[in-house]
Amino acid sequence: MGKTLQDIQRKDLLQSQGFIDDEWVGASSGATFSVYDPATLDKIATIPEMNAVDVDKAVTAAHRAFQSYKKTSARQRARWLRKWSDLCLENADDLALILTLENGKTLAEAKGEVIYAASFLEWFAGEAERVHGQVVPPANLNQRILTFKQPIGVAACLTPWNFPIAMITRKVGAALAAGCTTVWKPAGETPLSALAQAVLAHEAGFPKGSINVITTLNTVAEVGEALCKNDLVRKVSFTGSTRVGKLLASQCSATLKKLSLELGGNSPFIVFDDANLETAVEACINAKFRNSGQTCVTANRIFVQKGVYHEFADKLSKKIQALKIGPGTEEGVNVGPLTHDRAVEKALNHINDAKKHGGQIVLGGSSVPDLKGYFLQPTLIKNMNRQMLTTREETFAPVVGLYEFATEDEVLELANDCDVGLGSFIITESMARAWRVTEGLEVGMVGVNLGMLSASESPFGGVKHSGYGREGGTQGIEEYLHIKSMLINVAN
Ligand code: SIN
């Protein structure tokens, strides 16, 4: 029997209310929604279904708090962020268990996400003190010109269910470091991880009103619109689907808010003939099976050059067969359930469509009726081609589709033939080729001989319909700042 929420050591990390102006509160309407464990379909929590009235209260509190928070020293903000990071690491086992029970990822992966999440807080603690302006050489010698940066105001942070802790800290860490106050809107499938983060951020010392959490599942469209249309919110940061990102962008236009959008991807993973195939297989397993294929940078189209196509497929197939599927709380499991109720259906639709267009199912290809939750067998398909649905859309599941290609030019054309451009991966022993292909790919991020693009110090984000803005890196904090210039008359 796997662990349950009863096994959490620090019981106060388990909150089932929203958080506004330093108070744990229910929805103004009294409505609630349920949270389920995707591995067992057991109900694990009842959470307030907040609405536009609650958004208004949270934004008002954040705006009030901003008046004093923006005047705190960067050093003080850095101390609070470091404390929050330390608290995450101290409570990593509890946070990982909460995350596994609401999202489904394995405990080992959940622990990895906690460490990844803490790294953003530590990174932005450092960045808080490195927000520099410039002294600009003036053309008019009677003037002196300088610039400095100021926090933009209240930031709304809208986070997804696939990384419910790390996406909070990647956005909120940057916002609080910059001197902005925050309203968080975690995904309805996974609010418990965000609420546990609010407990720790509060304990770290962030002042009243600087962090607020709005919980919602069925009222999400109303809540999103209320955040986007509220003029006191000066920044919206969203991670999620391209469809919702475009809707939020249109809703933010009336108040001309600053926006960062980290949206859908369709990452090419390219294995060249000169690749080290052990590296290629390991990178592919990491890029594809992390969070059961539910990352926005997951390898969605695996292009393999024809000289190594069959050998790579055989090696990969052996590794996939060794993966153990089951509830993330169980020892030895590598692939947990999908988080979302409609995810298995979507993946099966992609698999059937691939079959219809000539795909050869080598492994898997169906759900797992013996397991109660949203499980899909790790699936390997050969002979993929452009007609298939998965060529154009993210499958967001543990489904590996192999496409054969002949030349570098051909694969660049194939890889760029899509409307999104977030992550990508190249496996080659040639540095010249890695450089050439990196320059040619229409994406925001390229991994060379590895399967993970995630590091707090590296800017994360995409091009084309994958959105704009960057998170992490030195760029992440800039999204929460505006530049003010000062021109001084020195003639008298
Ligand atoms: C995402 O899938 O949205 C984020 C993945 C990452 O940060 O590695």
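Both counts, for ligands and for their atoms, begin at 1 and track the order of listing. Sequential numbering from 1 along the given sequence is applied to the chain's residues. FYI, side chains are in, hydrogens and waters are out, and symmetry mates aren't considered; it's all heavy atoms of this structure.
- Contact annotation for L453 and ligand 1: no heavy atom of the residue comes within less than 4.0 Å of the ligand.
- Between R470 and E262 there is no salt bridge, since none of the side-chain N atoms of the basic residue sits less than 4.0 Å from a carboxylate O of the acidic one.
- Residue Y116 holds the heavy atom nearest to atom 7 (O) of ligand 1 of all those in Y116, F163, F120.
- Contacts between M452 and ligand 1, counted as non-hydrogen atom pairs separated by less than 4.0 Å, are absent for every part of the residue.
- By the 3.5 Å distance cut-off applied to N or O atoms, Q294 is not counted among the residues near ligand 1.
- Atom CD of Q377 has more than 12 neighbouring heavy atoms from other residues, nucleotides or ligands inside a 6.0 Å radius.
- The ligand atoms of ligand 1 that sit less than 4.0 angstrom from a heavy atom of F460 are 4 (C), 5 (C), 6 (C), 7 (O), 8 (O).
- Legend: residues meeting side-chain hydrogen bond (donor to acceptor under 3.5 Å, both in side chains) with T219, ordered by chain and number and at least two apart, are E49, T216.
- Counting non-hydrogen atoms of neighbouring residues, nucleotides and ligands closer than 6.0 angstrom, the NZ atom of K258 exceeds 12 such neighbours.
- The heavy atom nearest to atom 4 (C) of ligand 1, considering only G472, G265, C296, is found in C296.
- Protein heavy atom closest to atom 8 (O) of ligand 1, with residue, atom name and distance, is S454 OG, 2.3 Å.
- Applying the 4.0 Å criterion to heavy atoms of R170 picks out, from ligand 1, the atoms 4 (C), 7 (O).
- Separating the NE2 atom in H482 from the NZ atom in K149 is a distance of 12.0 Å, to the nearest 0.5 Å.
- Atom OG1 of T379 is separated from atom NE2 of H350 by 13.0 Å, given to the nearest 0.5 angstrom.
- Heavy-atom contacts of T239 reach the following atoms of ligand 1: 3 (O) (cutoff under 4.0 Å).
- Taking the ring-ring contact (aromatic ring centres under 6.0 Å, His included) definition, one finds that F272 meets it with F405, sequence neighbours left out.
- Cation-pi contact between K319 and F289: absent, since separation from the ring centre below 6.0 Å together with deviation from the ring axis within 45° is not met.
- Residue contacts with ligand 1: R290 is included, with a non-hydrogen atom under 4.0 Å away.
- Considering backbone and side-chain atoms alike, T295 places every N or O at 3.5 Å or more from each N or O of ligand 1.
- Here the CG-CD distance, from L338 to E345, works out to 12.0 Å after rounding to the nearest 0.5 Å.
- Proximity to N162 (heavy-atom distance under 4.0 Å) selects the following atoms of ligand 1: 1 (C), 2 (O), 3 (O).
- At least one heavy atom of M167 sits less than 4.0 Å from an atom of ligand 1.
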